[in-house]
Amino acid sequence: MVAIKQTVYRTGTDSALMEALIRAARNGKEVTAVVELMARFDEEANINWAARLEEVGAHVVYGVVGRKTHAKMALLIRREDGRLVRYAHLGTGNYHPRTARLYEDFGLFTADPDICADVNEVFRRLTGIGQAGALRVLWQAPFTLHESVVAAIRREAEIARAGRKASIVAKVNALLEPAVIEELYAASQAGVSIELIVRGVCALRPGVPGLSDNIRVRSIIGRFLEHSRVYRFRADGADEVWISSADWMDRNFFRRVELAVPVRDRRLKKRVIDEALTVHLRDNASAWIMDGDGNYKRLRPGRGEIRVSQQRLMARLGVTETKG
């Protein structure tokens, strides 16, 4: 290992990851940490970790003035067979040992050269001074994320207007940004089928005649906090899937450093669709459905099979319930 770069938003006071960064710096590795000091409830822990990292020679950067660094990413640089190779990790959740046991999230560890080059560029933006270079495949807030989401929604609407099948499925913690909501309404009117899994506050109203007839909104309440952000656009059969640190809110689009990363591997794409989207859309016991007035009604299973999404996910992953 030659170098490690890491964003630090929430890590807690007993982070094995932060201890590993400290050991790496002590062992002579080049360690860069972008520490967000304005992470609510974790300010003290982050300040303490930053001080410890600086003591062992790590390069500590305190984010961007006026923008919270909310992106969850790491870049590892190794020397392999005489050349430098980059690996990147990007996730929807924080590098926090306790919330990792309570929150549902996705992470992608990859050597994809396009993604790794983009992650390297984002770290350069966060840690250096100078003109920002263009990204190859990632969407980044506050620069391209909002316009890219809007463009993807509009593309689905154009496909629907052309008489072809179009659909959008998105899973977020909150949906509040007015322009995105307006684009979703327009897409619905164009004939796009839209399924939204929104854990928290949602300002969009589904099923309103003439406005949002083709939109359905549900919230999943279960043992784990549904935290991942996943966007799926049918894209004329190409099935574009993104995982992201960003909710569809004004602050995430315009006042934070956020990333959305495409899932390009076909096998992994199917897994994300199955585990983050399809399983929740089939849930008939722990899902709450929003009506056009903003009220929620819990789905009740009929006489058929009871489908609880989180139980199905745990079974798929080989996790068994324990009592005591």
Side-chain angles (χ1 to χ4, degrees), residues 1-80 82-101 103 105 107-113 115-133 135 138 140-142 245-246 256-259 261:
M1 187 71 66
V2 176
I4 305 170
K5 300 180 182 182
Q6 175 83 48
T7 57
V8 178
Y9 188 73
R10 296 195 192 282
T11 58
T13 58
D14 54 349
S15 172
L17 176 62
M18 299 304 292
E19 294 289 357
L21 290 177
I22 291 170
R23 287 197 303 273
R26 282 177 177 157
N27 291 333
K29 311 303 180 184
E30 181 182 315
V31 175
T32 301
V34 180
V35 180
E36 178 51 66
L37 297 183
M38 298 299 289
R40 190 172 54 169
F41 308 125
D42 280 82
E43 296 93 339
E44 182 179 1
N46 287 1
I47 290 171
N48 291 337
W49 285 121
R52 291 187 60 189
L53 284 165
E54 288 181 330
E55 287 174 0
V56 295
H59 180 208
V60 179
V61 179
Y62 297 100
V64 179
V65 175
R67 302 281 190 275
K68 278 189 178 183
T69 301
H70 193 248
K72 295 85 170 66
M73 61 177 182
L75 186 69
L76 295 84
I77 304 172
R78 289 167 50 91
R79 183 173 283 108
E80 299 178 0
R83 65 189 184 96
L84 295 179
V85 180
R86 293 185 293 206
Y87 299 88
H89 178 269
L90 300 105
T92 66
N94 300 298
Y95 298 108
H96 193 297
R98 287 194 295 277
T99 60
R101 295 176 177 272
Y103 292 10
D105 275 300
L108 175 68
F109 188 69
T110 180
D112 182 304
I115 294 176
C116 289
D118 279 358
V119 172
N120 185 69
E121 171 61 23
V122 174
F123 272 114
R124 192 185 71 80
R125 293 177 180 182
L126 292 172
T127 61
I129 299 175
Q131 186 174 1
L135 299 182
L138 298 187
Q140 184 194 355
S245 58
R256 290 186 173 186
V257 177
E258 306 271 16
L259 289 177
V261 55

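This structure is a prediction, so every number in the text was calculated from the model and none was measured. Worth knowing before you read on, the calculation uses all heavy atoms, side chains too, and leaves out hydrogens, waters and symmetry mates. Numbering of residues begins at 1 and proceeds along the displayed sequence.
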Rounding to 0.5 Å, atoms CZ (Arg26) and CD (Glu55) come to a distance of 8.5 Å
Looking only at side chains, do Thr99 and Asn94 share a donor and an acceptor under 3.5 Å apart?
-> no
Do you know the tightest heavy-atom contact between Met1 and Ile77?
-> SD-O, 3.5 Å
Please report the closest heavy-atom contact between Gly12 and Ala45, naming both atoms and the distance.
-> O-CB, 4.0 Å
From Arg86 atom CZ to Asp112 atom CG, the distance as rounded to the nearest 0.5 Å | 11.0 Å
Please examine the side chains of Val8 and Met18, heavy atoms only from C-beta on, and report whether any two atoms are closer than 4.5 Å.
-> yes
Stepwise side chain to side chain contact (heavy atoms under 4.5 Å, CB included) check, Asp14 with Arg98 = CA-CA 9 Å; Asp14 54 349; Arg98 287 194 295 277; 3.1 Å; yes
Would you confirm whether Trp49, through its side chain, and Glu44, through its main-chain N or O, come within 3.5 Å as a donor-acceptor pair?
-> no
Answer yes or no: is there a side-chain heavy-atom contact under 4.5 Å between Ile4 and Leu75?
-> no
Would you check if the side chain of Thr11 reaches a backbone N or O of Tyr95 as a donor-acceptor pair within less than 3.5 Å?
-> no
For Cys116, does its backbone N or O pair with a side-chain atom of Asn120 as donor and acceptor, under 3.5 Å?
-> no
Heavy atoms, side chains only, cut-off 4.5 Å: are Leu76 and Phe109 in contact?
-> yes
Quick one: OG1 on Thr32 to CZ on Arg124, what's the gap to the nearest 0.5 Å?
-> 14.0 Å
Test: Glu19 and Arg52 ion pair at under 4.0 Å | yes
Short side-chain to backbone donor-acceptor contact, Asp118 and Leu138, under 3.5 Å = yes
Ser245 (side chain) donor-acceptor with Glu258 (main chain) under 3.5 angstrom = no
Stepwise side chain to side chain contact (heavy atoms under 4.5 Å, CB included) check, His70 with Val257 | CA-CA 6 Å; His70 193 248; Val257 177; over 6 Å; no
Flag side-chain contact, heavy atom, 4.5 Å: Met73 against Val122 = yes
Could you tell me whether the side chain of Thr69 and the main chain of Glu36 form a donor-acceptor pair under 3.5 Å?
-> no
Scanning both residues in full, the closest heavy-atom pair of Val119 with Ala88 reads CG2-CB, 4.0 Å
Could you go step by step and tell me if Arg125 and Leu135 meet the side chain to side chain contact (heavy atoms under 4.5 Å, CB included) rule?
-> CA-CA 11 Å; Arg125 293 177 180 182; Leu135 299 182; 3.8 Å; yes
Just wondering, more than 12 heavy atoms not from Glu30 lying within 6.0 Å of its CD?
-> no
About how many Å separate NZ of Lys68 and CZ of Arg256, when rounded to the nearest 0.5 Å?
-> 5.0 Å
Note: Pro142 and Arg67 closest approach over all heavy atoms is CG-NE, 3.4 Å
Inter-residue atom distance Leu90.CG - Leu108.CG, 0.5 Å rounding | 6.5 Å
Atom pair CG/NZ of Leu126 and Lys5 - distance to nearest 0.5 Å = 10.0 Å
Applying side chain to side chain contact (heavy atoms under 4.5 Å, CB included), run through Val61 and Val35 and close with a yes or a no.
-> CA-CA 6 Å; Val61 179; Val35 180; over 6 Å; no
